[in-house]
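Notes to accompany the following structure.
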Amino acid sequence: MEKITAIKGIKDILPEDAPTWNYIESIVRQVFSAFGFREIRVPIMEKTELFKRSIGETTDIVEKEMYTFRDRDEELLTLRPEATASVIRAYIEHNMMSTDPITKLFTIGPMFRRERPQKGRFRQFHQIDVELFGDEKPQSDAEVIFMLVHFLKVVGIKELSLEINSLGCKICRPVFSQAIVNFLKGSEKDLCPDCQRRISTNPLRVFDCKIESCNSIIAGAPKILDYLCAECAEHFEQVKSYLNDLKVAYLLNPKMVRGLDYYTKTAFEIKSGSLGAQNSLAGGGRYDGLVSFLGGSEIPGIGFAVGFERLIACMPPTEINKFKTDIFIAALGPRAQKISFGLTNELRRAGISAAMDYTDKSLKSQMKRADKLNSSFTLIFGDKEIDEKLVELRDMKTKNQQALSLDNLPEAIINILKER
RNA sequence: GUGGGUGUAGCUCAGUUGGUUAGAGUGCCGGGUUGUGGCCCCGGAGGACGAGGGUUCAAGUCCCUUCACUCACCCCA
């Protein structure tokens, strides 16, 4: 029989890793709620149209990375490649703007993109996604960035660099875009094939190219910050000023462009050195026109996404993954085995993690198992103890053993465990 | 989609110019005298050497094909 394996780029989160995931999620909920963000859970599937409209028809994500299929009724559905579109859809669909003019949401979950997997890049990956609707003030930009940086520090990320830029708005960005195209006109043949393609698809991306020759050409190109309209320029100045007030260290990166079409004004990215080529740990920005573009009213928004797997990759190692058991019950012989089965489950019902071995193995091997399960205590008894109505309770750390009466045993054990 | 690297035990890897029944460490199971874990010692189970084809008296080792994994490009979290 041929073995069935997981799909390429889609991984299991194994029991030894799950506690780390839960730990991070608990920090997310704790930190974000202090900033007034509430959790929303959105579906992993949406109508394909939603992503085409929000992310942009000509982006790589939409053009070649989405998992799209036809439903039985012929409707085109897509496994979400990112969360913002779904959150905005839900925001509009449930009229959240009429309940609260400023809505702060976050969501955590899997995203799907059909790319070639490599370090820090998977076909199913997880994001922590934050969206703030209804506030166009630069304080919002600074607040969201501050929260992100704070969150990463709480989780234990040591080395991170924050880069910010302004991408302009629908008035000033096209002007800049055209300026870049004009600037590159004539030197197309000196650019790499990728950049030649970018001129027509997404000219700002040329800034991102890693090839030396392209870099030297683009070095003399116009800078976005010189093209910002008065409003965008002022907004960006304010954002920087508030970040300074909050003592958030940042790097101004005029070459940073985000890959999704919908970003306006502030764009930001967190990078970490320990991640390999996929060094972007989190990214986000403002998207003031997007809510209305998706059918809502003119409501500004700003948000970011953190790559969960990448976050784990640059986290310091922790002890939280160790599996622990309160008590292991080592029963010797059929009589003890029978009593143990009831006792184990009685303790579990009381919320104590209890374990036993259903095979009547040697005490030595049962002790080994108790050790493997990291049990704090081991209860030892066989025929002798049953006859004497006294069982042995061993503290695995101190090796002290005390005798406990067989009567009222669950209560006695519960009390001892509570006292610790 | 395009390159490079790697596929031998559950995991991490040895395996000499092709040459007997393919090894180690770790993990798992058991034992080291009566019913007591971690350390140490001993033993055991576990592999058609990724798959298919070819060269050869002989292939884990050489050649071809294919698949998988991985890193990078691209793209992005």
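The figures that follow rest on heavy atoms only: side chains count, while hydrogens, waters and symmetry mates do not.
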What is the distance from CZ of A/Arg123 to C1' of B/C74, rounded to the nearest Å? 14 Å
With a 3.5 angstrom cut-off on both distances, give the Watson-Crick or G-U wobble partner of B/G38, or none if there isn't one. none
Using a cut-off of strictly less than 4.0 Å, decide whether A/Lys11 has a side-chain nitrogen or oxygen near OP1 or OP2 of B/U70. yes
When we call it a touch if two heavy atoms are under 4.0 Å apart, what does A/Phe377 touch: a base, just sugar-phosphate, or nothing? nothing
A/Arg121 vs A/Met396, nearer the 5' end of RNA chain B by closest nucleotide: A/Met396
Nucleotide of B/C73, B/A77, B/G37 approaching A/Lys399 most closely (side-chain heavy atoms): B/G37
Verdict with reasoning, A/Glu49 to A/Lys52, per salt bridge (charged side-chain N to carboxylate O under 4.0 Å, His left out): CA-CA 5 Å; A/Glu49 189 56 25; A/Lys52 280 195 178 173; 5.3 Å; no
Euclidean distance for P, B/U20 against B/U66 (whole angstrom): 32 Å
A/Gln118 side chain near B/A72 phosphate (N/O to OP1/OP2, under 4.0 Å): yes
Would a distance-only check, ignoring hydrogens and angles, find a side-chain to backbone donor-acceptor pair under 3.5 Å from A/Ser166 to A/Phe236? no
Under 3.5 Å on both distances, the Watson-Crick or G-U partner of B/C73: B/G1
Just label B/A48 as syn or anti from its O4'-C1'-N9-C4 or O4'-C1'-N1-C2 angle, using within 90° of 0 for syn. syn
Quick one: is A/Gln366 getting a side-chain N or O under 4.0 Å of the B/G37 phosphate, OP1 or OP2? no
Provide, to the nearest angstrom, the distance between the CD1 atom belonging to A/Ile10 and the P atom belonging to B/A68. 14 Å
Rounded distance in Å between the P positions of B/G27 and B/G38: 12 Å
Under 4.0 Å, counting only non-hydrogen atoms across every strand here, what does A/Gln401 touch: a base, just sugar-phosphate, or nothing? base
Which nucleotide in the set B/C76, B/A77, B/G3 lies at the smallest distance from any side-chain heavy atom of A/Gln278? B/C76
With the side chain defined as heavy atoms from C-beta on, A/Asp60 is closest, among B/C75, B/G32, B/G35, to B/C75
Which value, in whole Å, describes the distance between the C1' atoms of nucleotides B/G47 and B/A24? 14 Å
Please state whether the rings of A/His126 and A/Phe308 are parallel, tilted or perpendicular, taking 30° and 60° as the class boundaries. perpendicular
Whole-angstrom distance between B/G4 and B/A59, as gauged at atom C1': 27 Å
Considering only the P atoms, how many Å lie between B/U61 and B/C69, rounded to the nearest integer? 23 Å
Mind checking A/Lys361 for me? I need base, sugar-phosphate or nothing, with any heavy atom below 4.0 Å counting as a touch. sugar-phosphate
For A/Gly284, answer base if it contacts any base atom (sugar-phosphate contacts may also be present), sugar-phosphate if it contacts only those atoms, and nothing otherwise; contact means non-hydrogen atoms under 4.0 Å. nothing
Using the P atoms only, state how far B/U34 lies from B/G30, rounded to an integer number of Å. 16 Å
Expressed in whole Å, how much space separates the P atoms belonging to B/A9 and B/A72? 26 Å
Using the P atom as the reference point in each nucleotide, state the distance between B/U6 and B/G50 in Å, no decimals. 13 Å
Could you state the CD-C1' distance from A/Glu115 to B/C76, rounded to the nearest angstrom? 6 Å
Positive for side chain to side chain contact (heavy atoms under 4.5 Å, CB included) with A/Lys240, one of A/Thr266, A/Val248, A/Leu252: A/Leu252
Nearest-nucleotide comparison on RNA chain B, the residue closer to the 5′ end among A/Gly307 and A/Gly9: A/Gly9
Report which part of the nucleic acid A/Glu63 touches: base, sugar-phosphate, or nothing (heavy-atom distance under 4.0 Å, all strands). nothing
Nearest heavy-atom pair of A/Cys169 and A/Pro174: which atoms, and what distance? O-CD, 3.7 Å
When you check the phosphate oxygens OP1 and OP2 of B/C69, does a side-chain N or O of A/Lys8 lie under 4.0 Å from one of them? yes
B/C28: pairing nucleotide in any strand, Watson-Crick or G-U under 3.5 angstrom: B/G44
Could you check which of B/A77, B/G31, B/U36 has an atom nearest any side-chain atom of A/Leu363? B/U36
Return the nucleotide paired to B/U61: Watson-Crick means purine N1 to pyrimidine N3 with N6-O4 or O6-N4, wobble means G-U with N1-O2 and O6-N3, both under 3.5 Å. none
Which of parallel (below 30°), tilted (30 to 60°) and perpendicular (above 60°) describes A/Tyr287 and A/Tyr262? perpendicular
Proximal nucleotide (of B/U36, B/A72, B/C28) relative to the A/Met367 side chain: B/U36
Salt-bridge test for A/Arg335 and A/Asp387: reply yes if a basic N is under 4.0 Å from a carboxylate O, no otherwise. yes
Whole-Å gap separating P (B/C28) and NZ (A/Lys368): 9 Å
Would you mind pulling out the nucleotide paired to B/A68, Watson-Crick or G-U wobble, both distances under 3.5 Å? B/U6
With the criterion set at under 5.5 Å between ring centres and under 30 degrees between planes, would B/A77 be stacked on A/Phe125? yes
State whether A/Lys364 places a side-chain N or O below 4.0 Å from either non-bridging phosphate oxygen (OP1 or OP2) of B/G32. no
Any A/Ser365 side-chain nitrogen or oxygen under 4.0 Å from OP1 or OP2 of B/G37: no
Gap between atoms CZ and P, on A/Phe328 and B/G38 respectively (whole Å): 14 Å
Does B/U21 pair with anything, Watson-Crick or G-U wobble, both distances under 3.5 Å, and if so, with which nucleotide? none
Could A/Arg286 and A/Asp288 be called an ion pair, given the rule that one side-chain N must be under 4.0 Å from one carboxylate O? yes
Distance test, side-chain N/O of A/Lys372 to OP1/OP2 of B/C28, below 4.0 Å: yes
